[in-house]
Trainee: 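Quick one: this structure, given as structure tokens, is what I'll be asking you about.
In what follows, chains carry the letters A, B, and so on, assigned in the order in which the sequence lines appear, proteins first and then strands, with residues in each chain numbered from 1.
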Number of protein chains: 2
Amino acid sequence: MSLRHALLGLLADTPQNGYDLTKRFERTLSGHAWSAGHSQIYPELKRMLGDGLIEVVDEGSRGSKVYGVTDPGRTELRRWMFSPLGDTPPRNEFVLRLFLISSLDLPDVRTLVDQMAAESDKEVTQIDGAIKEMDDAGLRRGYARFAAEFGRRYFALQRDWSRWVLEELEKDD
Amino acid sequence: MSLRHALLGLLADTPQNGYDLTKRFERTLSGHAWSAGHSQIYPELKRMLGDGLIEVVDEGSRGSKVYGVTDPGRTELRRWMFSPLGDTPPRNEFVLRLFLISSLDLPDVRTLVDQMAAESDKEVTQIDGAIKEMDDAGLRRGYARFAAEFGRRYFALQRDWSRWVLEELEKDD
DNA sequence: GAATGCATGTAAAGAGTTACATGATTAA
DNA sequence: TTAATCATGTAACTCTTTACATGCATTC
């Protein structure tokens with residue numbers, strides 16, 4: 001139940017309503033972490049309210065409910081944070097393609113891996129820009145900065161690995 | 001529909017029955033790429049048969065069906081391989097935790113990140129062993145070797161990033 | 001007053017998990 | 001003959017996606 005914990009985490013940072021949660025989900029998490037639309041978020045919030053993990057801390061002008069995390073909610077969030085990662089089944093399409101790449105013929109493999117390298121490099125450039133902005137703003141040690149660093153390293157890995165594969169394939173000639 | 005393409009990829013490598021596919025899924029893909037049990041695999045094979053992506057190429061001793069990929073199946077597999085990755089929503093619990101780490105207090109952050117570093121290092125050691133075996137067996141340039149290399153680099157990244165975060169957190173003191 | 005954004009829902013269908021269920025073959 | 005492995009299925013439930021639906025508030 002990652003959706004539940006994603007919502008707990010966002011609410012632990014800032015109490016907010018379902019609409020704001022949906023937008024924040026889209027902006028911060030749906031890039032590389034997790035994704036969910038409002039049609040999944042609203043019902044889940046109701047269930048979490050029923051389970052006592054969150055509570056209504058305020059009501060907006062037109063009846064919107066602002067949710068905050070309760071003590072049991074914080075306990076559950078912490079428990080999840082420290083729970084073993086291996087328990088959840090993997091869903092990684094990039095790695096899946098890696099494992100199935102032998103189903104392509106050699107020219108196709110070269111084309112695909114070359115494409116991967118180019119796309120990864122574009123991502124690195126983009127994250128580099130975001131990091132530079134953060135550093136200029138003096139956010140050298142914030143958690144957002146840590147996450148960005150992970151992203152940069154990850155896409156650099158994809159790029160470098162792809163280039164390495166291309167080199168190895170050259171050696172066969 | 002990644003399950004469908006995972007099955008296509010496995011069958012493109014070797015024609016086999018649902019039982020073997022289930023085991024191979026478990027052994028090769030469910031570590032870091034994708035997971036599925038037999039209760040999902042058998043019905044999907046029937047649908048793929050109905051869609052003409054696979055065909056029965058042989059029957060085992062006790063009526064088991066050995067499936068192979070058809071030409072349309074190969075075309076579909078290739079199409080998927082080259083389709084943009086960005087289309088599929090991310091499901092990465094590790095990265096999700098990264099983004100929510102600010103919900104923990106500082107001592108907990110240190111403990112968790114330290115734990116991540118240790119676990120990642122263990123994975124690196126394990127993959128290193130597998131790679132050494134491969135190299136000794138003369139599989140220097142096989143696709144399995146490429147996938148293993150990716151795994152090693154990925155867990156080394158998690159380990160090194162975690163250690164870097166710990167260092168950055170030290171600087172605050 | 002019309003368009004945009006805020007705010008919340010439900011319904012149906014597809015994908016994935018867990019549990020239940022059965023029978024044939026092979027090795028000990 | 002009995003235990004393990006081979007081999008295949010269904011049912012119920014949860015999670016996710018896509019589409020349909022509504023009404024208020026603000027700004028132009």
Side-chain angles (χ1 to χ4, degrees), chain A residues 1-8 10-11 14-27 29-30 33-51 53-54 56-67 80 86-93 96, chain B residues 1-8 10-11 14-27 29-51 53-54 56-67 80 86-93 96:
Chain A
M1 279 214 268
S2 292
L3 171 63
R4 167 164 297 206
H5 299 101
L7 294 174
L8 275 177
L10 292 177
L11 289 177
T14 316
Q16 55 199 299
N17 62 33
Y19 184 79
D20 291 328
L21 278 167
T22 303
K23 277 191 309 175
R24 177 157 303 198
F25 223 105
E26 178 61 30
R27 271 187 298 111
L29 302 181
S30 80
W34 207 265
S35 84
H38 80 275
S39 67
Q40 210 185 346
I41 290 171
Y42 285 114
E44 184 62 29
L45 285 171
K46 279 201 175 167
R47 279 190 291 267
M48 291 163 75
L49 196 62
D51 293 343
L53 299 174
I54 58 175
V56 176
V57 295
D58 198 10
E59 306 229 350
S61 51
R62 38 191 145 359
S64 82
K65 287 161 211 306
V66 178
Y67 297 99
W80 173 76
D87 289 0
T88 65
R91 305 267 160 227
N92 190 327
E93 242 199 76
L96 179 59
Chain B
M1 277 212 271
S2 293
L3 171 62
R4 168 165 296 205
H5 298 102
L7 294 174
L8 275 177
L10 292 178
L11 289 177
T14 316
Q16 56 199 299
N17 62 31
Y19 184 79
D20 291 329
L21 279 167
T22 303
K23 277 190 310 175
R24 179 158 301 200
F25 223 105
E26 179 61 29
R27 270 188 298 111
L29 302 180
S30 80
H32 309 295
W34 208 264
S35 83
H38 80 274
S39 68
Q40 210 185 347
I41 289 172
Y42 285 112
E44 184 61 30
L45 285 172
K46 278 201 175 167
R47 279 190 292 268
M48 292 163 74
L49 196 63
D51 293 344
L53 298 175
I54 59 176
V56 177
V57 295
D58 197 11
E59 306 230 350
S61 51
R62 39 189 143 2
S64 81
K65 286 161 211 308
V66 178
Y67 296 100
W80 173 76
D87 289 0
T88 64
R91 303 269 160 225
N92 190 327
E93 243 199 74
L96 179 58

Trainee: Could you give the distance from OG (B:Ser64) to CG (B:Asp58), rounded to the nearest 0.5 Å?
Mentor: 8.0 Å
Trainee: In terms of the nearest nucleotide of DNA chain D, which residue is placed more toward the 5' end: B:Gly18 or B:Pro89?
Mentor: B:Gly18
Trainee: Does A:Ser39 contact D:dT18 through a side-chain donor or acceptor facing the base, at a distance under 3.5 Å?
Mentor: yes
Trainee: Rounded to whole Å, how long is the line connecting atom CG of B:Leu96 with atom P of D:dT16?
Mentor: 11 Å
Trainee: In terms of the nearest nucleotide of DNA chain D, which residue is placed more toward the 5' end: A:Gly37 or B:Tyr67?
Mentor: B:Tyr67
Trainee: Looking at A:Tyr42, does any N or O in its side chain come under 4.0 Å of the phosphate oxygens OP1/OP2 on C:dG9?
Mentor: no
Trainee: How about B:Asp51 and B:Arg4: do any of their side-chain heavy atoms sit closer than 4.5 Å?
Mentor: yes
Trainee: From the set D:dT5, C:dA7, C:dT10, return the single nucleotide nearest to any side-chain atom of B:Tyr19.
Mentor: D:dT5
Trainee: Do the non-hydrogen side-chain atoms of A:Glu44 and A:Met48 ever get within less than 4.5 Å of each other?
Mentor: yes
Trainee: So if I take every side-chain heavy atom of B:Met1 and compare against D:dG9, C:dG9, C:dA15, which nucleotide ends up nearest?
Mentor: C:dA15
Trainee: Of all the choices, D:dG9, C:dT17, D:dT17, which nucleotide is nearest to the side chain of B:Arg91 once you look at every atom?
Mentor: D:dT17
Trainee: Which of the following nucleotides, C:dG5, D:dT16, C:dG16, is nearest to the side chain of A:Leu3?
Mentor: D:dT16
Trainee: Name the closest nucleotide to the B:Gln40 side chain, picking from D:dA25, D:dT16, C:dT17.
Mentor: C:dT17
Trainee: Which comes earlier along DNA chain C counting from the 5' end, the contact point of B:Arg47 or that of A:Asn17, where each point is its nearest nucleotide?
Mentor: A:Asn17
Trainee: From C-beta outward on A:Arg62, which listed nucleotide comes closest to its side chain: C:dC6, D:dT8, C:dT10?
Mentor: C:dC6
Trainee: Just N and O in the side chain of A:Lys46: are any of them under 4.0 Å from OP1 or OP2 of C:dG9?
Mentor: yes
Trainee: Would you say that A:Trp34 contacts B:Arg91 through its side chain, given a criterion of any heavy-atom pair below 4.5 Å between the two side chains?
Mentor: yes
Trainee: Can you check the B:Lys23 NZ to D:dA7 P distance for me, whole Å?
Mentor: 7 Å
